[in-house]
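Reminder, nothing fancy here: chain letters follow the sequence lines and each chain counts from 1. Everything numeric here is computed off the predicted structure, so don't read it as measured data.
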Amino acid sequence: MAIRRPLSRLELPVDTVALARYLIGKLVVRELPEGLVSGRIVETEAYVVGDAAGHGYRGMTPRNRSLFLERGHAYVYVAYGISNMLNVSSDEPGVGTGVLIRALEPLDGIPIMRLNRGVEPLRDLARGPGRLCTALRIDRSLDGLDLCQEGPLWLGRDDRDVGDIGESIRIGITKDADRPLRFYLRGSPFVSGSRALNR
DNA sequence: AGTGCGATTGACT
DNA sequence: GTCAATCGCACTA
């Protein structure tokens, strides 16, 4: 069962890799006019200091400025002109690092997610960073939002035990591609990525 | 003002 | 498994 209060910023680890692990098993909660939609985070990636694959690597720009907010804020951007991506900023103000949320296990509002996605299978509703944003109707209008506060989008807690967390290289990047900065709930059918990465 | 990308997805062999 | 669509934005000049 979900606990209806956002995570406190104070409990978020002040380290990008630690936060990426910490967020596995937590909830992304979206409040829509039709109702509440939520999912349990089953896959994340860390984009750390000095990481050539990170959007903050070359400093602040109009697009990535939310990445430089204090940890626990949303950085939403559009990839490939098509897919929205949800990140959680992960450090002190002025440091451009974050955690990409890559997949959710659908919990609340599953019929709404099906409508938003236009597909039926539960497994396909939020498996992938772009798909989860479609399912939860997350776009750039939510960029910069504080995720540790009640509102249209926030991070919550689930009372189930978190299972075994696996790690692998990150998906879809070319720079700094060999670092083990992807984390996933081992055995979850809601995780994206190939069989080889999810072993 | 022009150019060249992608932290992806869905369709197709 | 392969592959192209698609466009915001960073970068160069």
Side-chain angles (χ1 to χ4, degrees), chain A residues 15-24 28 39 41-69 71-91 95-104 106 113-145 147 153 155 166-185 189-199:
Chain A
D15 173 86
T16 306
V17 170
L19 181 64
R21 285 184 167 278
Y22 184 81
L23 288 177
I24 300 288
V28 176
I41 299 172
V42 296
E43 181 182 353
T44 62
E45 283 178 357
Y47 287 85
V48 301
V49 171
D51 179 356
H55 284 188
Y57 184 60
R58 280 150 216 242
M60 200 187 297
T61 68
R63 172 174 72 159
N64 70 15
R65 65 192 157 84
S66 307
L67 207 46
F68 292 78
L69 296 173
R71 69 189 188 281
H73 287 80
Y75 166 47
V76 181
Y77 76 94
V78 180
Y80 294 99
I82 304 171
S83 306
N84 287 286
M85 303 277 139
L86 173 64
N87 296 258
V88 181
S89 68
S90 61
D91 213 303
V95 181
T97 57
V99 174
L100 172 68
I101 309 299
R102 282 197 59 92
L104 302 177
M113 295 177 94
R114 287 204 165 100
L115 282 172
N116 287 341
R117 284 274 293 126
V119 298
E120 279 295 308
L122 189 65
R123 189 170 107 93
D124 295 335
L125 293 180
R127 183 168 46 85
R131 289 168 175 172
L132 77 86
C133 285
T134 304
L136 271 57
R137 214 178 297 154
I138 293 167
D139 60 29
R140 280 228 86 188
S141 69
L142 300 173
D143 183 56
L145 210 67
L147 300 174
L153 183 68
L155 294 168
E167 60 180 69
S168 79
I169 58 167
R170 294 172 292 182
I171 294 177
I173 59 166
T174 52
K175 302 167 200 158
D176 269 337
D178 296 328
R179 308 173 71 174
L181 293 174
R182 172 177 175 264
F183 303 94
Y184 60 95
L185 186 59
F190 301 100
V191 167
S192 78
S194 68
R195 188 72 159 274
L197 286 181
N198 295 333
R199 168 163 53 209

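- Residue T61(A) has its side chain nearest to dA10(C) when only dA10(C), dT9(B), dT6(C) are considered.
- For R63(A), a side-chain nitrogen or oxygen approaches OP1 or OP2 of dA10(C) to under 4.0 Å.
- At a cut-off of 3.5 Å, with distance as the only test, a side-chain donor of R182(A) or S168(A) sits close to an acceptor on the other residue.
- With dA5(C), dG10(B), dT9(B) as the choices, the nucleotide that has an atom nearest any side-chain atom of R117(A) turns out to be dG10(B).
- Spacing between atom CD1 of I169(A) and atom P of dA7(B) amounts to 14 Å, rounded to whole angstrom units.
- For the pair D124(A) CG and dA11(B) C1', the interatomic distance rounds to 14 Å; values are reported in whole Å.
- For Y47(A) and dA7(B), the ring-to-base geometry satisfies the stacking test (centroid distance below 5.5 Å, interplanar angle below 30°).
- Looking at the side chain of H55(A), the nearest of the listed nucleotides dA7(B), dT9(B), dT8(B) is dA7(B).
- Heavy-atom distances to DNA chain B give each of V99(A) and R131(A) a nearest nucleotide, and the one nearer the 5′ end belongs to V99(A).
- One can place CZ of R65(A) at 11 Å from P of dA10(C), the figure rounded to the nearest angstrom.
- For the pair R170(A)/D51(A), a side-chain contact is recorded, criterion being any heavy-atom separation below 4.5 Å from C-beta on.
- With a cut-off of 3.5 Å on both Watson-Crick or G-U wobble distances, the partner of dT12(C) is given as dA1(B).
- Protein atom CG of N84(A) is 11 Å distant from nucleotide atom P of dC9(C), rounded to whole Å.
- Comparing dC11(C), dT8(B), dG6(B) by their nearest atom to the side chain of K175(A) picks out dG6(B).
- When rounded to the nearest whole Å, the span between CG of L67(A) and P of dA10(C) equals 12 Å.
- Closest heavy-atom contact between S83(A) and G130(A): CB-CA, 3.9 Å.
- The line from OG1 of T97(A) to CG of D15(A) is 8.5 Å long, rounded to the nearest 0.5 Å.
- Atom CZ of F183(A) is separated from atom C1' of dA7(B) by 15 Å (rounded to the nearest Å).
- With rounding to whole Å, L125(A) atom CG is found 15 Å from dG10(B) atom C1'.
- Separating the CZ atom of R127(A) from the P atom of dT8(B) is a distance of 14 Å, rounded to the nearest angstrom.
- With a cut-off of 3.5 Å on both pairing distances, dA7(B) has no Watson-Crick or G-U wobble partner at all.
- More than 12 non-hydrogen atoms from other residues, nucleotides or ligands lie less than 6.0 angstrom from CZ of R179(A).
- Taking the nucleotide of DNA chain C with the nearest heavy atom to each of I82(A) and R140(A), the more 5' of the two is matched to I82(A).
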